[in-house]
Amino acid sequence: MTNKSKEHAETLLDLTATGKLSRRALLSHLAAAGLGTAVSASAVNQALAAGLVQTQNAANIQSEYDYIIVGAGAAGCALARRLADGTDASILVLEAGGNDDGVPEIDNPAAWVANIGSERDWNYFYTPTEHVDNRPILLSRGKVLGGSSSTNALVWVRGVPGDYDNWAAQGAEGWDFQSVLPKLKAMEDWQGGETELRGTGGPIPVMAPTLDSLHPVAKVLIDSAESWGMPYIEDMNGPSNLGVGPNNFNMRDGVRVSTARGYLRPALDNPNLTVLLRAKTTGLVMEGNACRGVTILVDGEQRTIRAGAEVVLCAGAIDTPRLLMLAGIGNAEDLADVGIASHTHLPGVGQNLQEHILLGGMIYEARAPIAPPTHNLEGSTFFWKSRSELTAPDLMFVSIQIPYLMPGLAAEYPLPQNPFTISPGLMGVKSRGYLKMLTSQHDGELEIQPNILQELEDREAMYQGFLLAEELANEPAFREFAVQRSIPPEGISTRAEKEAFIRRSVTTYFHPVGTAKMGVDDMAVTDPATLKVHGIDGLRIADASVMPSTTSANTHVPSILMGEMAADMIING
C-alpha cells in the first residue's frame with residue numbers, strides 16, 4: 001500500500017473501532033478504495049468488536065469503576081492498555097478532547113503543525129518575562145484522543161542514560177536507566193530489530209529514515225555537521241547520541257502511530273475498558289485522606305463517578321497540578337489566595353516547571369525551490385555540547401523544511417524565496433518555573449511561568465547554539481545549498497545583537513515537565529516507588545509532571561514510560 005492508502009485504511013479502522021462504521025460500511029469503503037485485500041480479517045474483526053463494545057459502554061456509563069484514568073494522552077493510553085491486558089478490573093478513561101479518527105493533520109506526519117492552535121489544542125500560553133522580550137509564548141498541548149501523542153512532531157528519542165540515573169540520584173530509586181530500560185524496550189517495535197538497547201514487538205512502531213530518503217534540508221544539516229566535525233549517528237537511541245543523523249519517529253508506512261492507535265485501539269474490544277470522550281474532569285472527590293472519584297462535565301452535565309480502587313491522573317504537567325490544587329492539594333498559602341481550602345499541604349505542586357527551548361527564526365534562502373515536505377518536516381537532528389566539559393549533550397538542533405518564525409519577527413522581516421529553517425535548541429535547561437491558579441474555577445486562568453532564559457547558564461548555552469548555527473552555515477555543503485541567512489540578517493555581528501535576537505525568537509518544544517515531581521524531599525509530590533501522591537490514598541500520577549528533571553531529548557517517550565511504570569506498580573504491587 002502507498003502511504004496515502006495506509007492512512008485511509010487506518011482511518012477506516014479507527015472509525016470502526018469507535019462505532020462509527022458498521023461491518024457493511026467498513027467493507028464497502030475498503031472495497032471502494034481498492035483496499036479489500038490489504039487489511040487483514042483479524043484487524044477488521046477486532047475493530048468491529050471494539051466499536052460494538054465502546055458504543056455499548058459509552059451509552060451505559062456506570063457510577064463506579066475500579067480505576068479512573070484522567071487523560072488519554074501518551075501515558076494514559078499506555079496505562080489503560082496494560083491494565084486492560086493485565087487485570088480484570090473495570091477501567092474508565094476520561095478524555096476532554098474528541099476522537100482522533102479521520103484527521104489528516106494527525107495521520108500525516110508532515111502536516112502535524114496544523115494541529116497547533118486547532119480545536120485539538122489546549123492553547124495555553126507561558127507568561128511573558130523580560131528574558132523573552134515580554135512575549136507570551138504558546139504552549140501547545142494535545143486535546144484529543146492520544147493527547148500530544150496525536151498532535152506532536154513524532155520524534156521518538158529517549159535521551160541519555162544519565163537522564164534517568166539523575167532521577168535516581170534525586171531520590172527516585174528504581175528509576176535509573178538500567179531499571180527502566182526493559183519498559184523502554186517493551187513500548188517499541190524498532191525497525192532495526194532487537195538489541196541490548198532496542199525493543200521489538202511493542203505497541204509503537206519506530207523507524208529511522210534512510211539517508212537516501214531524507215529531504216534535502218535534512219540532508220544538508222547532516223552533511224554540514226559532519227564536515228564541521230560531528231560523528232554520524234545511525235540510531236539516536238543507540239549507545240550514543242552525541243552527533244548528527246536521522247531521527248527516530250513513531251510511524252509505520254508513512255502514517256503516525258500515536259499511543260491512541262498503538263496502545264489503546266487494540267484494547268477497545270475489552271468490555272472492561274470504557275473510553276469516554278469530550279469528558280472534562282473538573283475535580284477530585286476527596287473523603288478524608290483519600291480520593292474516591294472524580295467530577296466530570298460531559299454534554300453540559302456535571303456528573304460524579306467513583307473509583308473503587310483509585311484515580312490515576314494522566315492529564316499532563318499543566319492539568320494534573322491544576323486538579324490537585326482544585327482539590328486543596330498544594331501550597332496552602334497559594335490556595336488560600338484564590339479561595340481554595342487546604343486539604344493537604346504539598347508545596348511542590350505546580351513548582352519545578354521545566355521546558356525545552358529552541359529558536360524560532362533562523363531562516364535561510366535555498367538556491368532552488370524546496371522539495372515537498374517529508375517525514376515530520378524535519379528528518380534529521382543532532383545533539384551536541386555547548387561546553388566541552390559537559391558530561392552529556394545539552395543542545396539539540398533540528399532542520400525544518402518550512403519557515404518557522406515567531407509572529408513578531410514575521411511582522412518585521414519578509415520571508416525570502418525558498419525558505420527553510422535551522423533551529424538551535426537547548427535541552428539541558430537550568431531555569432525552573434511554576435504554575436499557579438489565578439481563580440478557583442476548574443477552567444479559570446492560570447499563570448504558567450517556566451522562566452525561560454532566567455538562568456545565565458541557559459542564556460550562554462543558547463548563545464553558543466546560535467554561534468554553532470553560524471559556523472554550520474559556513475560549511476561547504478550548506479553554502480552550496482543556501483544563498484544566505486535571511487532572518488536574522490547576516491549583518492548582525494555583535495554579541496548584544498545576537499542575544500537580543502535570541503530573546504525575540506526563543507520559543508519552546510512544548511515539553512513541560514516536573515510540576516508534581518516524584519521524590520522524597522520536602523518539595524516532592526509523588527512517591528517514586530508507587531507514583532502515589534504523598535499523604536493521599538487512592539490517587540496516583542502517571543505523566544510528565546512527575547519527572548524530577550527533564551530529559552535531554554523530547555519528552556514523548558519518557559511520558560509513555562510513566563504509564564508503563566504505573567501499570568506495573570498497580571498490577572504487581
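It should be emphasised that the depicted structure is a prediction, and the values quoted were computed from it without experimental measurement. One is the number of the first residue; the rest follow in order along the sequence.
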J.: Do we see a donor-acceptor contact under 3.5 Å between the side chains of Asp319 and Tyr124?
T.: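 Yes - a donor-acceptor pair under 3.5 Å links their side chains.
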J.: Any idea which heavy atoms bring Thr55 and Gly19 closest together, and the distance?
T.: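 Scanning both residues, the minimum pair turns out to be OG1-CA, 3.5 Å.
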J.: To the nearest 0.5 Å, how far apart are CG in Leu313 and CG in Leu284?
T.: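 Rounded to the nearest 0.5 Å, the CG-CG separation comes out at 5.5 Å.
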J.: State, to 0.1 Å, how close Asn250 and Val155 come at their nearest heavy-atom pair, and which atoms those are.
T.: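 Shortest heavy-atom contact: OD1-N, 4.2 Å.
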J.: Report yes or no: do Asn272 and Ser90 form a side-chain donor-acceptor pair below 3.5 Å?
T.: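 Ser90 and Asn272 do not have a side-chain donor-acceptor pair below 3.5 Å.
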J.: Are Lys20 and Asp101 within salt-bridge range, i.e. N to O under 4.0 Å?
T.: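 Between Asp101 and Lys20 there is a salt bridge, with a charged N closer than 4.0 Å to a carboxylate O.
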J.: Assess, by modelled atom type and distance only, whether the side chains of Asn248 and Asn237 contain a donor and an acceptor separated by less than 3.5 Å.
T.: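 Yes, because at least one side-chain N or O of Asn248 sits under 3.5 Å from a partner of the opposite role on Asn237.
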J.: Drop me the distance from Asn554's CG to Ser148's OG, to the nearest 0.5 angstrom.
T.: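 Going from CG on Asn554 over to OG on Ser148, the span is 12.0 Å.
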J.: CD of Gln54 to CG of Asn270: how many Å apart, nearest 0.5 Å?
T.: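 Taking CD in Gln54 and CG in Asn270, the distance rounds to 9.0 Å.
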J.: Would you tell me whether Asp107 and Thr11 have side-chain atoms, one donor and one acceptor, within less than 3.5 Å of each other?
T.: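 Distance-only check passes for Asp107 and Thr11.
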J.: For the atom pair CG (Leu268) and OG1 (Thr274), what is the distance rounded to the nearest 0.5 Å?
T.: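 Leu268 CG to Thr274 OG1: 10.0 Å, rounded to 0.5 Å.
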J.: Determine whether more than 12 heavy atoms belonging to other residues, nucleotides or ligands lie under 6.0 Å from atom CD of Glu119.
T.: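 At most 12 heavy atoms, drawn from other residues, nucleotides or ligands, come within 6.0 Å of this atom.
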J.: Can you tell me if Glu188 and Trp156 form a side-chain donor-acceptor pair at under 3.5 Å?
T.: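 Note: Glu188 and Trp156 side chains meet the donor-acceptor criterion.
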J.: Among side-chain atoms of Arg23 and Asn45, is any donor-acceptor pair under 3.5 angstrom?
T.: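 Side chains of Arg23 and Asn45: pair found under 3.5 Å.
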J.: I would like to know whether Tyr164 and Asp176 meet side-chain contact (heavy atoms from CB on, under 4.5 Å); could you show each step before the answer?
T.: CA-CA 5 Å; Tyr164 304 90; Asp176 59 279; 5.6 Å; no
J.: Between Asp14 and Arg265 (salt bridge meaning N to carboxylate O under 4.0 Å), is one present in this structure?
T.: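 So Asp14 pairs with Arg265 through a salt bridge.
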J.: Taking atom CD as the centre, does Glu173 end up with more than 12 heavy-atom neighbours from other residues, nucleotides or ligands that are less than 6.0 angstrom away?
T.: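 No - once you tally the heavy atoms of other residues, nucleotides and ligands closer than 6.0 Å, there are 12 at most.
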J.: Which residue in the set Val513, Leu139, Ile448 passes side chain to side chain contact (heavy atoms under 4.5 Å, CB included) when paired with Glu355?
T.: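 The residue from Val513, Leu139, Ile448 that satisfies side chain to side chain contact (heavy atoms under 4.5 Å, CB included) with Glu355 turns out to be Leu139.
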J.: Ignoring hydrogens and geometry beyond distance, is a side-chain donor-acceptor pair present between Thr550 and His356 at under 3.5 Å?
T.: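 On atom types as modelled, these side chains qualify, holding a pair under 3.5 Å.
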J.: Could you report the tightest heavy-atom contact between Ile296 and Thr282, atom names first, then the distance?
T.: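 Taking every non-hydrogen atom into account, N-OG1, 4.0 Å.
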J.: Between Lys143 and Glu95, does any NZ, NE, NH1 or NH2 come within less than 4.0 Å of an OD or OE carboxylate oxygen?
T.: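 Not counted as a salt bridge, because no side-chain N and carboxylate O are separated by less than 4.0 Å.
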J.: Keeping Asp299 on the side-chain end and Glu301 on the backbone end, is there a donor-acceptor pair under 3.5 Å?
T.: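 It does not hold such a pair.
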J.: So, Arg256 and Glu105, do they make that salt bridge, N to O below 4.0 Å?
T.: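 A salt bridge is absent here (no side-chain N lies under 4.0 Å from a carboxylate O).
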J.: Could you tell me which non-hydrogen atom of Gly159 sits nearest to which non-hydrogen atom of Ser552, and how far apart they are?
T.: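 Nearest pair, atom of Gly159 first, then Ser552: CA-OG, 3.8 Å.
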J.: Would you say CZ of Arg252 has more than 12 non-hydrogen atoms from neighbouring residues, nucleotides or ligands within 6.0 angstrom?
T.: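 Counting neighbours around CZ of Arg252, 12 or fewer heavy atoms of other residues, nucleotides or ligands fall under 6.0 Å, so no.
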J.: Taking it one step at a time, do Val157 and Phe383 satisfy side-chain contact (heavy atoms from CB on, under 4.5 Å)?
T.: CA-CA 11 Å; Val157 186; Phe383 294 88; 4.0 Å; yes
J.: Looking at Asp443, I'd like to know if its CG atom is crowded, meaning that more than 12 non-hydrogen atoms belonging to other residues, nucleotides or ligands lie closer than 6.0 Å.
T.: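 Enclosed.
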J.: Could you state the interatomic distance from CZ (Phe510) to NE2 (His556), rounded to the nearest 0.5 Å?
T.: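 Going from CZ on Phe510 over to NE2 on His556, the span is 15.5 Å.
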J.: Under 3.5 Å, is there a donor on one side chain and an acceptor on the other for Gln354 and Asn352?
T.: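 A pair is found: one side chain offers a donor N or O, the other an acceptor, under 3.5 Å apart.
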J.: Verify whether one side chain among Ser549 and Asn166 offers a donor that lies under 3.5 Å from an acceptor in the other.
T.: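 Result is yes, a qualifying pair exists.
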J.: Report yes or no: is the cationic atom of Arg198 (NZ for Lys, CZ for Arg) under 6.0 Å from the centre of the six-membered ring of Trp190, at an angle within 45° of the ring normal?
T.: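 Checked: cation-pi criterion met.
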J.: Just how far is it from atom CG of Leu214 to atom CD of Gln401, taken to the nearest 0.5 Å?
T.: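 One gets 9.0 Å once the value is rounded to the nearest 0.5 Å.
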